[in-house]
Each structure stands twice: as structure tokens, then as C-alpha cells.
Amino acid sequence: MTDLDAAGAQALAGMRRDAPLYRVTLWPNRSLSGRGFVGVMAFTGAMLSLPLVAIGLVKAALGLAPFLAGALGALGYAIHCSNRDGRLTEELRLWPDLIAVERREPQGRVLRWQANPYWVSVTVHPEGRGRPENYLTLKGAGREIELGAFLSPEERAALAEEVETALARARAVEAGASAPG
């Protein structure tokens, strides 16, 4: 994908008034809600404080407290970073004459790619060569982009089938619209 902040080509997808034939928004799986975060932190804090209670000695407990607080703080920071990275989204929209993918990264950068669906190919790469299982790419307009790299292998395979079906439908609609009538 390319960073196309002011390019005229990407404006085409953003200015379309007609509804796409197919649209999907992808995001990483999230397993911990805000309430779950509080629960994990409370449980971890309670478990880390058990040695302080068991020791019962004030001096020894005070010596351990900064390390236990550091461990709890590190856990909280790691969960915060994971949640921030989870704000990644990819949106694929497909019309009979245009396919557009927009990736919004957690840092705010937006990457866009688009092509004519007639020339786009969907490839599910087998595992190997440093790629995960069912690595999914779209190729068209002289570029190859990954799609849904954060999904599970099963989800990528299902997405590939959906996109192939949607592309076939878009090509059929476009062929019907351009046929002499």
C-alpha cells in the first residue's frame, strides 16, 4: 500500500456516492475489555502482595514492594500497548469498476490502495518463506498488498473466499453493464 494523502486517484473511492457491492472492515481480535483490564490488574496486584503479607516483616516487605509495584506497572503498560496496537483497521470496498483498501494504523497513518477489480488477483500463500499460514494478498495496479495479516489462518482463508466471490460478482456486474444493449 502507499501513503496517498493528496493523490487524486484515492479520492475516487472516497467521493463515490453509490454503495459498494461488498464491504468489510477488519481489525485484530481483542480479548480484554476495560472491565477485564481492571480485573486482571486487581487480581495480579493481590497475588503480588501475598509475599508482603506472608513475610510480615516491615523492613523485608518494604524492600520487596518497589519490585512488585514495578512488575504490576510493567504489566499495565504492556496491556495498554496491546490495546493501542489493536486500533488497527483495514477496510475493503468493492464496486464493479473499483476495489479500494484503506488501512488505518494506530499511529494515525492511513495507507490506501486501489485497482480495477477485473485485473485483481487474490492469493493465499502457503506457509513458508517467512510467511504465516494462509498469508493473504491482493495484486493489482502493479502492486501486491497483504490483507488481514493479523487474522488467524482460518479467518484469512474464509476472507479470501469471500473476496474471490465478491470479485466474481463485481466482474459479472461490470460485464453486464458494458455489454451492448
Worksheet item: Taking side chain as C-beta onward, heavy atoms only, is L138 less than 4.5 Å from V101?
Response: yes
Worksheet entry | Side-chain (E161) to main-chain (A158) donor-acceptor, under 3.5 angstrom | no
Worksheet item: For the residue pair A160 and V124, what are the closest heavy atoms and their distance?
Response: CB-CG2, 3.4 Å
Response to the item:
Separation between CZ (R93) and CG (L98), nearest 0.5 Å, reads 8.0 Å
Worksheet item: With respect to V122, which candidate in E162, E164, K139 satisfies the side-chain contact (heavy atoms from CB on, under 4.5 Å) definition?
Response: E164
Fill in: Check ion pair R16-D97 (N to O, under 4.0 angstrom)
yes
Worksheet item: At what distance, to the nearest 0.5 angstrom, does OH of Y135 lie from CG of L147?
Response: 10.0 Å
Worksheet item: Roughly how far, to the nearest 0.5 Å, is the CZ atom of F150 from the CD atom of E90?
Response: 4.0 Å
Worksheet item: What closest approach, in Å, do A141 and A115 show between heavy atoms, and which atom pair accounts for it?
Response: CB-CB, 3.8 Å
Worksheet item: Taking a hydrophobic cluster as the set of Ile, Leu, Val, Met, Phe, Trp and Tyr residues connected by side-chain heavy atoms closer than 4.5 Å, whether directly or through intermediates, do F37 and L72 fall within one such cluster?
Response: yes
Worksheet item: Do Y118 and L167 have side chains that get closer than 4.5 Å, going by heavy atoms?
Response: no
Worksheet item: Applying the 4.5 Å side-chain criterion to the ILVMFWY set and letting contacts propagate, would L151 and W27 be lumped into a single cluster?
Response: no
Item to complete: Check the pair L75 / V40 against side chain to side chain contact (heavy atoms under 4.5 Å, CB included), numbers first and verdict last.
Response: CA-CA 9 Å; L75 175 64; V40 166; 4.3 Å; yes
Fill in: E91 CD to R104 CZ distance, which is reported to the nearest 0.5 Å
8.0 Å
Practice prompt. Before giving the answer on side chain to side chain contact (heavy atoms under 4.5 Å, CB included), spell out for V110 and E105 the whole-Å C-alpha distance, their side-chain angles and the decisive distance to 0.1 Å.
Written response: CA-CA 6 Å; V110 178; E105 296 184 340; over 6 Å; no
Worksheet item: Can you find a heavy atom in the side chain of R103 that is under 4.5 Å from one in the side chain of L88?
Response: yes
Item to complete: Determine the minimum heavy-atom distance between R23 and P20, stating which atoms define it.
Response: CB-CG, 4.1 Å
Practice prompt. To the nearest 0.5 angstrom, please state how far the CG atom of L21 sits from the CG atom of L94.
Written response: 5.5 Å
Item to complete: Check whether the side chains of T137 and E146 place a donor and an acceptor atom closer than 3.5 Å, and report yes or no.
Response: no
Discussion item. One pair to check against side chain to side chain contact (heavy atoms under 4.5 Å, CB included): L26 and L159. What are the steps and the verdict?
Written reply: CA-CA 10 Å; L26 309 170; L159 178 63; 3.6 Å; yes
Worksheet, complete the sentence: In short, R156 meets P132 closest at the heavy-atom pair NH2-CB, 3.8 Å
Item to complete: Report the distance from atom CG of L92 to atom OH of Y22, rounding to the nearest 0.5 Å.
Response: 6.5 Å
Item to complete: Would you confirm whether W95, through its side chain, and D18, through its main-chain N or O, come within 3.5 Å as a donor-acceptor pair?
Response: yes
